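What follows is a single structure, written as structure tokens, with notes after it.
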Amino acid sequence: MNKKIVIKTLEKIALLLELQGENPFKISAFRKAANALELDERSLDEIEDITKIKGIGKGTAAVIYELIEKGESSQLQELEEAVPKGLIPLLKLPGLGGKKLAKLYSELGIDSAEKLKEACESNAVQKLAGFGPKTEEKILKELEHFGERKERLPIWYLQTVVVDIQNVLLDILEIQKFSVAGSFRRVSEMSKDIDFIVATDKPEKVKEQLLENLVIKEVVAAGDTKVSVIIDGEDPVSVDFRLVAENEFATALHHFTGSKDHNVRMRQLAKEQGKKISEYGVEQQDGTIVTFDSEEEFFAHFDLPFIPPTVRESGKELERLDELDNLVTLDSIVSDLHMHTTWSDGAHTVREMGEALISRGYTHGVITDHSQYLKVANGLTPERLKKQRLDIFEFNETHPNFTLYAGTEMDILPDGTLDYDDDVMKELDFVIASIHSSFSQPQEKIMKRLFTAISNPYVHMIAHPTGRIIGQREGYNPDIPQLIQWANEYGKILELNANPFRLDLCIEHLMMAMELNVPIAINTDAHAIEQLLFMEIGTKYAQKAWVKKDLVVNTWSKEQFETFIRKNK
DNA sequence: GCCGTTTTCGGCCCGACTGTTTTCAGTCG
């Protein structure tokens, strides 16, 4: 029995129980059991006694054993018979949860969006206890756009929204300080909303100005401590603002940064110490509330080191505290190994890019323009590549404390050959190979192309290994475990492309690479100076996968880097 | 449904907002 199927079944049971209006704790027990199974690294066969796992007891274990033995769950089947399928999508309507939907079904027989609409239009809904005219009106309004709004939005889109909001917040005088929180602060690839924590002693004024100055499509809620709006734009985004007193800022920020599981773990820990965590502070045994100037102090209160937002996920991070020092950080980065200039499709010259790297405090970098195959990007022929090197030599002569290396981002062609001959590559310091064409080839063909590149002695790194664009395209579906194996065998680097559209390799694959100690280069792939800033998001994303500092090529000194790039020459 | 140095019952993380009520339930994060 596949563990994934078991997890899905438990989640499905929880969902259907919810639609029966069941006890919320019972529902969450099934979700917790699914979660516990997911977090356990063992396969189903390797687990001897499943009830030994915390969160799995008699009831959920029975479901799991039945699944293993019969391949199906009688409990799930019964639920599926009792709960109409049409109710499931209705859970997505804001304001409607399991209890209300259960009532709508049992009292009015509502099991679809159409029936719900009819019932609202005939004013049958407002007659139910617990419902009223406003609820009815709200449901009708939500039904108009039902299914239109995207559930989760990609980080590269949300980033633009966050910047716009920050500009509005900076102009509100009554705000003492603010920070983005939530999954965006944890650098999730996709988020369903954006959270901001705002410190102020004049919440009324701040609320007023927020409502006035933001580009608002809809006000969802506007209370004393919480303002919730939908920001208008290409894709509308839910944004929550939490207005708190300045001394509550640190605990509020921690609380609303999450994740949920991280918070639960922290609260349990606090409870063990006789304390209680809320967004307003930490309540001591004697009832007094302690507040903090920073999240660092908050963690220190529980004898914990600062846990970066990026790793606050499953709660298990509290068991990996000794690894926190090994996480890669922006200030340990001394180079960027993938960028473009005006020689191909970049916006700035070799000199401008080089000087931008110096002003970021780096010690070295590599210029890697596109190769000849990419005509749309003005890719370089071997002749132009030679001329470009004169620019690089000249730069190095005039900047003695910094080294710019001559590289390329060379295409792996659709027929499986490489865009430059070995003797062209031989002349270069650093060769990146990547795929930009024929994404839809069968996996076998894609892997042949990647193998040609990775096994070539002059290739140092594979860039953006899957070709994905977050939330938009899957990429070319390579067998990444195999690629990681090859990288290990041939001593090659794999890239974590830091462009927020890509973040490629993804977390799961980075973790696999860590298991084999395959070196990772975090590169911005900058096509303009401003994009060198992507390094920040790249390092944070790497933290999410617990990528070790020593395995990040960009933290290596110039000497270490040179030893690596020269080993095959 | 799960769990237990508060141990077989009774709490489970905790609190805000809304719309329904006339003190609270449901939803949400």
Side-chain angles (χ1 to χ4, degrees), chain A residues 10-11 13-14 17-37 50-64 75 79 90-104 125-139 142 181-186 191-197 203 207 219-229 238-244 248 251-252 254-272 274-283 289 315:
Chain A
L10 292 171
E11 280 166 355
I13 290 174
L17 287 173
E18 199 176 343
L19 286 167
Q20 286 198 317
E22 257 287 2
N23 173 3
F25 295 113
K26 182 169 169 182
I27 297 165
S28 84
F30 278 96
R31 295 219 162 101
K32 271 185 200 159
N35 196 239
L37 216 50
I50 205 146
T51 57
K52 287 250 169 70
I53 299 176
K54 207 163 175 280
I56 298 180
K58 233 172 47 187
T60 46
V63 173
I64 297 169
Q75 187 174 359
L79 281 166
L90 296 183
L91 265 177
K92 298 227 167 79
L93 282 169
L96 285 185
K99 296 209 171 167
K100 286 202 160 148
L101 283 171
K103 187 150 199 168
L104 287 168
V125 170
Q126 58 169 288
K127 294 192 185 86
L128 296 179
F131 292 76
K134 282 204 175 173
T135 311
E136 201 173 70
E137 207 180 304
K138 198 178 164 211
I139 294 174
E142 292 294 346
S183 55
F184 184 86
R185 182 164 180 243
R186 303 200 311 274
S191 301
K192 107 180 152 45
D193 63 3
I194 301 172
D195 297 282
F196 273 95
I197 309 302
K207 170 169 133 185
V219 178
V220 181
D224 296 335
T225 64
K226 179 182 168 185
V227 176
S228 197
V229 299
S238 296
V239 183
D240 287 346
F241 298 89
R242 305 283 171 160
L243 313 180
V244 299
E248 297 162 348
T251 39
H254 175 264
H255 176 88
F256 290 108
T257 295
S259 69
K260 199 170 176 259
D261 291 332
H262 169 83
N263 285 356
V264 167
R265 191 68 196 84
M266 284 299 295
R267 278 160 199 255
Q268 284 168 347
L269 191 86
K271 214 170 164 179
E272 286 162 19
K275 298 169 182 165
K276 207 164 89 179
I277 299 176
S278 84
E279 55 260 55
Y280 302 113
V282 177
E283 190 182 321
I289 308 276

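Since the model is a prediction, treat every value here as computed from it, not as a measurement. Throughout, protein chains are lettered first and strands after them, A, B, ... in sequence-line order, and every chain is numbered starting at 1.
- When heavy atoms are screened at a 4.0 angstrom cut-off, A222(A) is found touching the sugar-phosphate backbone but no base atom.
- For Q126(A), the side-chain hydrogen bond (donor to acceptor under 3.5 Å, both in side chains) criterion is met by E136(A), not counting sequence neighbours.
- When the side-chain nitrogen and oxygen atoms of S28(A) are compared with OP1 and OP2 of dC12(B), none of them lie within a distance under 4.0 Å.
- Screening R31(A), K26(A), K99(A) for a salt bridge (Lys or Arg N to Asp or Glu O under 4.0 Å) with E18(A), the sole residue that qualifies is R31(A).
- Among the protein residues, L17(A) comes within range of no part of the nucleic acid, since none of its heavy atoms lies under 4.0 Å from any strand.
- Of the P atoms belonging to dC12(B) and dT6(B), the separation is 14 Å, rounded to the nearest Å.
- dT21(B) sits 13 Å from dG26(B) when the C1' atoms are compared, rounded to a whole Å.
- Between the CD1 atom of I27(A) and the C1' atom of dG1(B) there is a distance of 11 Å, rounded to whole Å.
- Among the protein residues, P133(A) comes within range of the sugar-phosphate backbone only, with heavy atoms under 4.0 Å from sugar or phosphate atoms but none that close to a base.
- In this entry the distance linking CG of N263(A) with P of dC12(B) reads 16 Å, nearest Å.
- Not a single donor-acceptor pair under 3.5 Å links the side chain of K226(A) to the backbone N or O of A221(A).
- Note: CG (D261(A)) to C1' (dC14(B)) measures 15 Å, nearest angstrom.
- One atom, NZ of K138(A), and another, C1' of dT20(B), lie 13 Å apart when rounded to the nearest Å.
- Within 4.0 Å of F30(A), counting heavy atoms only, lie sugar-phosphate atoms of the nucleic acid but no base atom.
- If you check every strand for non-hydrogen atoms under 4.0 Å, N23(A) touches a base.
- dC9(B) and dC14(B) have their C1' atoms separated by 23 Å, given to the nearest Å.
- For the OP1/OP2 pair of dT20(B) and a distance below 4.0 Å, the side-chain nitrogens and oxygens of T135(A) include at least one atom meeting the criterion.
- Distance from the side chain of V264(A) is smallest to dC13(B) among dC13(B), dC3(B), dC17(B).
- Here the C1' atom of nucleotide dC2(B) and the CD1 atom of I53(A) are 14 Å apart, to the nearest Å.
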### Task
Verify side-chain contact (heavy atoms from CB on, under 4.5 Å) between L37(A) and I50(A), making sure each step is shown before the conclusion.
CA-CA 9 Å; L37(A) 216 50; I50(A) 205 146; 4.1 Å; yes
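- In this view, T60(A) and L10(A), F30(A), A33(A), I56(A) satisfy the side-chain contact (heavy atoms from CB on, under 4.5 Å) rule, not counting sequence neighbours.
- Using atom P as the reference point in both dT20(B) and dT27(B), the two lie 13 Å apart (nearest Å).
- The ring-ring contact (aromatic ring centres under 6.0 Å, His included) test applied to H255(A) returns no partner, not counting sequence neighbours.
- Summarising the base pairing, dC9(B) is matched to dG4(B) through a Watson-Crick or G-U wobble pair whose two defining distances lie under 3.5 Å.
- Taking atom P in both dC13(B) and dC2(B), one finds a spacing of 15 Å when rounded to whole Å.
- Rounded to the nearest Å, the gap between the P atom of dC17(B) and that of dC3(B) is 35 Å.
- Distances shorter than 4.0 Å separate none of the side-chain N or O atoms of Y280(A) from OP1 or OP2 on dC14(B).
- Of the listed nucleotides (dA16(B), dC14(B), dT18(B)), dC14(B) has the atom at the smallest distance from the side chain of R267(A).
- Checking dC14(B), dC13(B), dC2(B) against every side-chain atom of A29(A), the shortest atom distance belongs to dC2(B).
- The interatomic distance linking Q20(A) (CD) with dG1(B) (P) rounds to 12 Å, in whole Å.
- For the P atoms, the distance from dG15(B) to dG10(B) is 23 Å, rounded to whole Å.
- Every residue was checked against the side-chain hydrogen bond (donor to acceptor under 3.5 Å, both in side chains) condition with T251(A), not counting sequence neighbours, and none meets it.
- Residues forming a side-chain hydrogen bond (donor to acceptor under 3.5 Å, both in side chains) with T257(A) (at least two apart in sequence, or on another chain): R185(A).
- If you take CD1 of I197(A) and P of dA16(B), they are 13 Å apart, rounded to a whole angstrom.
- Side chain of S183(A) to backbone of R186(A): no donor-acceptor contact under 3.5 angstrom is found.
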### Summary
Expected string for nucleotides 23-29 of chain B under the B/S/- scheme (protein heavy atoms, under 4.0 Å, primed atoms plus P, OP1, OP2 as sugar-phosphate) is ---SSSS
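- Note: NZ (K271(A)) to P (dG4(B)) measures 12 Å, nearest angstrom.
- The 5' end of DNA chain B is approached more closely, in terms of each residue's nearest nucleotide, by E283(A) than by the other of E283(A) and K134(A).
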